[in-house]
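Have a look at the structure below before the remarks.
Within every chain, numbering begins at 1; the chains are lettered A, B, ... in the order of the sequence lines, protein sequences first and strands thereafter. Because the structure is predicted, anything quoted here is derived from the model rather than measured.
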Amino acid sequence: MAKIVSIHSFRGGTGKSNLTANLAAQVALAGKRVAVVDTDIQSPGIHMPFALAEERVTLALNHFIWGECAIEQAAYDVSSVLPGHGGPLYLVPSSIKISDIGRILKEGYDVRLLNDGFQALIEKLKLDYLFIDTHPGVNEETLLSIAISDSLVLILRPDQQDFQGTAVTVELARKLDVPDMMMVINKVLPSMNFAELRAKVEAIYHVPVAAILPLTPELVQLASSGLVAIRFPELDASREIKKIADRILAE
Amino acid sequence: MDLSSSALGAFCWAYVICASILGALGIYRGGRNRSESLRLVRQLEREKQRSDQLANFIIPTGLAMAAETDLNTLLERILLEGKSLSQADGGTLYLVTPEKTLRFGMVVNDSLKIAMGGTSGHPVTLPPLPLYDPATGEPNRKNIATACALAAKSLSVADAYLAPGFDFSGTKVFDQKMSYRTISVLCVPLKDPAGQVIGVLQLINAQDPETRRVIPFDEHLNHLMGLLGLLAAAALKSYLRVQKLTEELENLRIQIDEAKKERQVAEITGSDYFKNIKARAQEMRSRVKGQESK
């Protein structure tokens with residue numbers, strides 16, 4: 001049976017999309033059939049790490065929501081980012097065209113359509129894993145993604161606002177009976193005491209910290225332009241990402 | 001022709017005497033020009049030396065100090081570069097503490113082969129110098145290093161044992177113990193861009209580069225030493241600022257405003273949408289995945 005994994009952050013800029021892309025790639029490399037859906041319709045970005053060129057995207061999640069296509073028609077095979085065997089790996093992007101974003105913002109949409117879309121995608125592409133790159137913050141779309149997830153990955157920075165907001169999300173996820181929850185602390189200064197940070201966070205949230213990702217020059221330089229866990233597998237951050245992927249595969 | 005007996009001869013003598021007087025006057029003026037020229041040449045040489053020192057020493061040293069990321073290495077560089085520039089035999093780098101004292105950061109002396117602090121591996125165990133008398137609260141101007149810090153200007157003495165106004169008794173005790181003689185002393189304040197003194201660079205016993213005799217510190221170096229002090233202070237201040245920020249980040253405190261959290265959670269869970277989602281969550285999970293197993 002397919003597993004649904006949502007990656008969520010209370011605020012933007014935490015590295016959510018990059019983490020989603022890297023995790024999906026690692027799970028695909030383990031031989032699983034994987035799809036990623038970018039539900040951050042207002043500020044799409046996960047197409048960048050997958051090197052999905054703008055001109056290749058003729059149909060996106062937006063067009064599915066508007067009833068202009070089936071969801072699998074907006075799914076693009078991005079398995080070429082994987083070295084060697086693995087996958088397939090699909091991406092359902094959100095449109096990066098300003099006019100499309102503007103239309104969604106203006107008209108809104110029925111988030112229940114997303115539920116139908118996820119269901120259809122899993123069926124049509126015979127998925128083992130569906131990764132949902134959610135919109136930051138708490139809204140109807142993110143609550144839906146959290147509610148249907150088997151695993152919820154909460155990503156945050158070591159920042160007071162992130163800590164406060166994530167406490168809200170953890171509470172909501174508990175009330176929605178999410179079967180599995182984990183936290184990932186990203187952009188942590190290498191000079192910090194990681195063990196102490198992990199202990200502090202776990203004591204406060206009572207949620208396991210799956211990984212602490214250090215802020216490194218390679219990550220800053222690579223930014224969104226590639227999959228760091230594939231390009232630099234020797235980095236501490238890449239090893240941590242693989243640990244998260246292994247944990248998701250084991251659940 | 002007999003010169004002594006004729007009017008022509010008198011004229012000639014008069015001519016010779018006048019010419020001699022005028023010639024002597026001419027020699028005098030040329031001599032004074034040579035002296036002036038020599039003075040100008042020496043001044044130009046000094047200016048050139050200063051420019052060379054600025055371009056080849058002060059600026060590269062300042063850049064190197066700014067790039068230094070290790071405190072001990074930075075302290076060592078400040079002291080050793082200052083010692084080298086001033087041809088000093090030894091020196092001490094003090095840092096101003098929040099308790100208003102001068103803490104010994106590093107001490108070196110070439111003749112005595114002493115090195116404490118910096119990267120020497122030997123800690124400086126000397127007690128700090130109070131900037132203010134602990135008993136009276138009065139500024140401590142008796143010690144040349146503290147006086148320099150308080151005045152925020154360079155101070156120099158040609159002979160410590162004969163310098164009026166300063167108490168070098170501690171120095172004399174040290175000298176007697178180590179069979180040393182502290183003679184010339186120069187103290188330079190390390191001032192940050194805001195003019196605040198954050199340290200003092202003290203150098204002792206400037207040496208003639210050829211004879212190695214101890215001489216007074218060259219007053220023409222004051223400007224360059226002051227520049228070195230400014231650059232050193234800027235590098236130190238930058239290092240301490242980064243250290244403080246790193247410590248704040250490393251000692252991260254996580255505080256959750258529980259009341260605020262409960263309010264926000266209640267607002268969301270009280271909505272019809274959330275109630276609907278919660279009621280249907282399990283069903284939705286099964287439905288989304290269950291269809292593909294048909």
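Residues of residues 124-131 of chain B placed with any heavy atom under 4.5 Å of a heavy atom in chain A are absent; none qualify.
Contact record, A/Q164 with B/Q255: OE1-O, 3.9 Å, taken as the closest heavy-atom pair. Heavy-atom minimum distance, B/A281 versus A/L176: CB-O, 4.1 Å.
Residue A/D110 places its CG atom among more than 12 non-hydrogen atoms of other residues, nucleotides or ligands, all under 6.0 Å distant. Within 6.0 Å of CZ on A/R174 lie more than 12 heavy atoms contributed by other residues, nucleotides or ligands. Surrounding NZ of B/K278 are more than 12 heavy atoms belonging to other residues, nucleotides or ligands, all under 6.0 Å away. The environment of B/K100 atom NZ is sparse: at most 12 non-hydrogen atoms of other residues, nucleotides or ligands sit within 6.0 angstrom.
By the 4.5 Å heavy-atom criterion applied to side chains, B/V265 and A/K175 are counted as neighbours. Under the 4.5 Å side-chain criterion, counting only non-hydrogen atoms from C-beta, B/Y273 is in contact with A/L144.
Within the structure, ring-ring contact (aromatic ring centres under 6.0 Å, His included) contacts touching residues 125-171 of chain A (residues at least two apart or in different chains) do not occur.
For A/Q160, the part sitting under 4.5 Å from any heavy atom of chain B is the side chain, from C-beta outward, and nothing else. Heavy atoms of A/L172 lying under 4.5 Å from chain B belong to its backbone as well as its side chain. Residue A/V188 does not touch chain B at all, counting heavy-atom pairs closer than 4.5 Å. Contacts between B/I268 and chain A at a heavy-atom distance below 4.5 Å involve the side chain alone, from C-beta outward. In this structure, chain B has heavy atoms under 4.5 Å from both the backbone and the side chain of A/V168.
In this structure A/F194 satisfies the ring-ring contact (aromatic ring centres under 6.0 Å, His included) test with no other residue, sequence neighbours excluded. By the ring-ring contact (aromatic ring centres under 6.0 Å, His included) test, B/Y94 is found to be paired with B/F104, residues two or more places apart in sequence or in another chain being considered.
Going from atom CD1 of A/I204 over to atom CD of B/E258 covers 9.0 Å, rounded to the nearest 0.5 Å. Note that CD1 of B/I277 is 7.5 Å distant from CG of A/N115, once rounded to the nearest 0.5 Å.
Counting heavy-atom pairs under 4.5 Å between each of A/L121, A/T166, A/D177 and chain B puts A/D177 at the top.
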